[in-house]
Amino acid sequence: MTTTHVLALDIGGTKIAAGLVSSTGEVRAEREVPTDATDPAAVGAALEGLVDDVLADARERGVEVADVVGIGSAGPVDTTTGTVHPVNIPSLRGFPLTAAVAERAGHALGRPAHAVLAQDGQCFAAAEQWVGAAAGAPSVLGVVVSTGIGGGVVLDGRTLTGKSGNAGFISHVGVVLDGERLPGSGALGVVESYASGPAMVRAAQARGWRAGEEADAKALTADAAAGERVPVEVIAAGTRALASAFLSAAALFDLTDVVVGGGVAASGEVLMAPLRAAYAELAVYPHLADVRLVPSQLPRLSGLLGAGRLGWQTLSG
């Protein structure tokens, strides 16, 4: 047998991935399948197939696998019942996720297994604090800015989960009292209403940018990079809202680092430069002003790495 690995699963609206994660943050035997968002039986079969395939690969290679499985999923999650209720994956709402995965893994391993669950923003934060842009930092907020805004917090090396497993749900941090209503949730004045990709596109089109076109956040950031006034101003407003949410988190948790990832954040300095400028303007105390705002350094495997980190931390107690 070689070094022990943890089986990890990363569940998103587009794909479900599985792999083995080592104690030093390497991923091997990775597999992925499309997510069936409508059929619970199909998504259950996909999970079983992934677990079987990855653990079969481990047996063939003589790789020892621990009896804890880490699962990261789109949320909200409910760690008290081991279920998830994602808006974009109806097939998984109420599905007995941890029980089903633990049973299948135990069958494949030939001994009882235990599955632990976290929402995907927490896994992103855990991965970045483990082997990413904030490796080893004591207090980290990880934020994914894309179609929505997700996040997680790592304090003193441990990922915060909260009473239901949804700690770090930064999308619903208020930035404008009684402000805009967030489509899909009804929340008022929360950061996702202003700083997500779709929110910034809506704001720009309301001001005449690419009116009537099927424009997206990629087009918005490209036009901002080219110096177009409306995209530049809309991104400045969106990143100011994001900076305000970051400041609230920094004040609560005495952060050292905020790591930003996701599709919108992948635009680079078009987003990061105004975000840093807004944060610097808003942060008036030295212990808030010295927080590092950095882009993600991890590849697409960050979800598996974070789920694996969850498994390893569960093993260590």
Side-chain angles (χ1 to χ4, degrees), residues 5-21 27 31-33 35 37 40 43-51 54-55 65-109 112-130 142 144 148 150-155 157-171 301-317:
H5 287 65
V6 163
L7 175 62
L9 294 172
D10 176 28
I11 302 171
T14 302
K15 66 178 177 66
I16 302 174
L20 301 174
V21 179
V27 178
R31 306 280 197 283
E32 67 177 55
V33 296
T35 303
V43 79
L47 287 166
E48 291 181 355
L50 285 169
V51 169
V54 172
L55 293 181
V65 181
D67 55 11
V68 170
V69 184
I71 306 172
S73 175
V77 304
D78 185 344
T79 55
T80 65
T81 61
T83 59
V84 297
H85 304 275
V87 173
N88 58 342
I89 317 175
S91 57
L92 272 176
R93 295 176 195 164
F95 182 84
L97 183 57
T98 58
V101 168
E103 181 179 0
R104 196 67 179 190
H107 181 267
L109 290 169
H114 173 62
V116 288
L117 173 65
Q119 50 102 337
D120 51 6
Q122 292 168 353
C123 288
F124 173 77
E128 291 288 352
Q129 191 274 339
W130 188 23
V144 179
V153 177
V154 180
L155 288 183
R158 303 294 296 188
T159 306
L160 296 186
T161 55
K163 70 179 188 300
S164 66
N166 291 293
F169 195 56
I170 196 170
S171 67
L301 297 178
S302 60
L304 284 178
L305 283 166
R309 179 64 163 164
L310 175 69
W312 281 112
Q313 290 185 326
T314 301
L315 281 170
S316 67

Check: Does Ile16 reach the side chain of Val43, with side-chain heavy atoms less than 4.5 Å apart?
Finding: yes

Next item on the list: Go through the structure and list residues passing ring pair (Phe, Tyr, Trp, His ring centres under 6.0 Å) with Phe95, not counting sequence neighbours.
Entry: none

Notebook entry, point to check: So, do Thr14 and Thr35 sit near enough that their side-chain heavy atoms are less than 4.5 Å apart?
Noted result: no

Next item on the list: Spell out, as yes or no, whether a donor-acceptor pair under 3.5 Å connects the side chain of Ser91 to the backbone of Pro40.
Entry: no

Note to self: Quick test of your reading: applying salt bridge (Lys or Arg N to Asp or Glu O under 4.0 Å), list the pairs with at least one residue in residues 98-109, sequence neighbours left out, ordered by first then second residue.
What the structure shows: Glu48-Arg104, Asp52-Arg104

Check: Distance from Leu20 atom CG to Leu7 atom CG, nearest 0.5 Å?
Finding: 6.0 Å

Checklist line | Heavy-atom side-chain contact between Val144 and Asp120 under 4.5 Å | finding: no

Checklist line | Set of salt bridge (Lys or Arg N to Asp or Glu O under 4.0 Å) partners for Arg158, sequence neighbours left out | finding: none

Check: Do you know which of Ile11, Thr83, Thr81 makes side chain to side chain contact (heavy atoms under 4.5 Å, CB included) with Leu97?
Finding: Ile11

Margin query: Would you say that more than 12 heavy atoms from the other residues, nucleotides or ligands in this model lie under 6.0 Å from the NE2 of His107, or not?
Written below: no

Notebook entry, point to check: Ignoring hydrogens and geometry, is there a side-chain-to-backbone donor-acceptor pair from Thr159 to Val154 under 3.5 Å?
Noted result: no

Notebook entry, point to check: Can you check whether Gly151's main-chain N or O pairs, donor with acceptor, with Gln119's side chain at less than 3.5 Å?
Noted result: yes

Check: Nearest 0.5 Å, what's the OG-CD distance between Ser73 and Gln122?
Finding: 11.0 Å

